[in-house]
Amino acid sequence: MTEKVLISTCKYEGKYFAVGISSKNGKIIRITLPKKSEEEAIEEITNIYQDYVINNENQNIAREIAVIYSGKQSDVTIDHLELSTGKYSPFKSEFMRDVLMETCKIPCGSVESYKSLAKKMNTHAYRAVGTALAKNPYPLVIPCHRVVRSDHLIGKFGGGSEMKKELLVKEGVKIRGNKVVEK
DNA sequence: TCGATGGCTTGTA
DNA sequence: CTACAAGCCATCG
């Protein structure tokens, strides 16, 4: 099935992050958004990968995720991610990978809409773009929080809209109420 | 295989 | 401003 997953966690500002690393090639296969407890963070990974060890061997990477969360640049990039597609891969389909690769192109400090992302991919499946983003295995590293609704409302987010808003504010996006302000 | 369900969009009232 | 309805298309059970 799948190889053993090495799980590491870190605490940052009272929140807990977890990362799962493939023992096979050292690539990241899962990242969690900050959780209230360490167990909750770990569980998000062990729910998917049954063959795992929690050894904090890669705590440096977990810390880097917290760095990104704090709004700073990190040297953990998509080069560190497992980008394969398939039933047992982080990306379940080509479509999902395409969507997430496209969102990687959105620069810090700007946003894109679900629809414009779909357009760039030559499809009208903006709704499916949303579901693909909802399943992003690498939040923060793949900036799914930079995708908002086309009417400029913030839209939904795995970690809650409030967190999505905070992340955008940290990146310098101008927001009024629940809307991104036009330039 | 088929229907239900989304981190959506546009139009109408 | 809010409230619906219809349309969209990949995914999941």
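Convention: sequence-line order gives letters A, B, ...; per-chain numbering from 1.
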Self-check item: Whether over 12 other heavy atoms sit under 6.0 Å from A:Lys35 NZ
Solution: yes
Quiz prompt | Atom pair distance, as rounded to whole Å: NZ in A:Lys156 and P in B:dT9 | solution = 12 Å
Exercise. Could you please name the option among B:dG7, B:dC8, C:dT11 that lies closest to any side-chain atom of A:Lys135?
Key: C:dT11
Quiz item: Just how far, in rounded Å, is C1' of B:dG7 from CD of A:Glu102?
Solution: 18 Å
Quiz item: Residues in salt bridge (Lys or Arg N to Asp or Glu O under 4.0 Å) with A:Lys4, at least two apart?
Solution: A:Asp51
Quiz item: Are more than 12 heavy atoms from other residues, nucleotides or ligands located less than 6.0 Å from atom OH of A:Tyr49?
Solution: yes
Exercise. If a protein heavy atom is under 4.0 Å from the base, mark B; if only from the sugar-phosphate, S; if neither, -; do that for nucleotides 2-10 of chain C going 5' to 3'.
Key: -----BBSS
Self-check item: Euclidean distance, atom CD of residue A:Glu94 to atom C1' of C:dT11 [Å, nearest integer]
Solution: 15 Å
Quiz item: How close or far is atom P of B:dC8 from atom CE of A:Met121, stated in whole angstroms?
Solution: 16 Å
Exercise. Figure out the OH/P separation between A:Tyr114 and B:dT10, and round it to whole Å.
Key: 14 Å
Quiz item: Once Watson-Crick and G-U wobble pairs under 3.5 Å are found, how is DNA chain B written in dot-bracket notation, 5' to 3', with | for any base paired to another strand?
Solution: .|||||.||||||
Quiz item: Do the side-chain N and O atoms of A:Thr9 and A:Glu38 include a donor-acceptor pair separated by under 3.5 angstrom?
Solution: yes
Quiz item: How do A:Lys115 and A:Ala134 order along DNA chain B: which one's closest nucleotide is nearer the 5' end?
Solution: A:Ala134
Quiz item: When the distance from NZ of A:Lys164 to C1' of B:dC8 is rounded to whole Å, what number comes out?
Solution: 11 Å
Practice problem: Establish, from distance only, whether the side-chain atoms of A:Thr85 and A:Glu94 form a donor-acceptor pair under 3.5 Å. | Solution: yes
Quiz item: Do A:Ser22 and A:Glu3 get their side chains close enough for a donor-acceptor pair, meaning under 3.5 Å?
Solution: yes
Quiz item: A:Leu100 CG to B:dG7 P: how many Å, rounded?
Solution: 14 Å
Self-check item: Gap between atoms CZ and P, on A:Arg149 and B:dG7 respectively (whole Å)
Solution: 13 Å
Quiz item: For the residue pair A:Ser113 and A:Val147, what are the closest heavy atoms and their distance?
Solution: C-CG1, 3.9 Å
Exercise. Using distance alone, with no hydrogens and no angle criterion, decide if A:Glu171 and A:His145 have a side-chain donor and acceptor under 3.5 Å apart.
Key: yes
Quiz item: Can you name the nearest heavy-atom pair linking A:Ile68 to A:Val76, along with the distance?
Solution: CD1-O, 4.2 Å
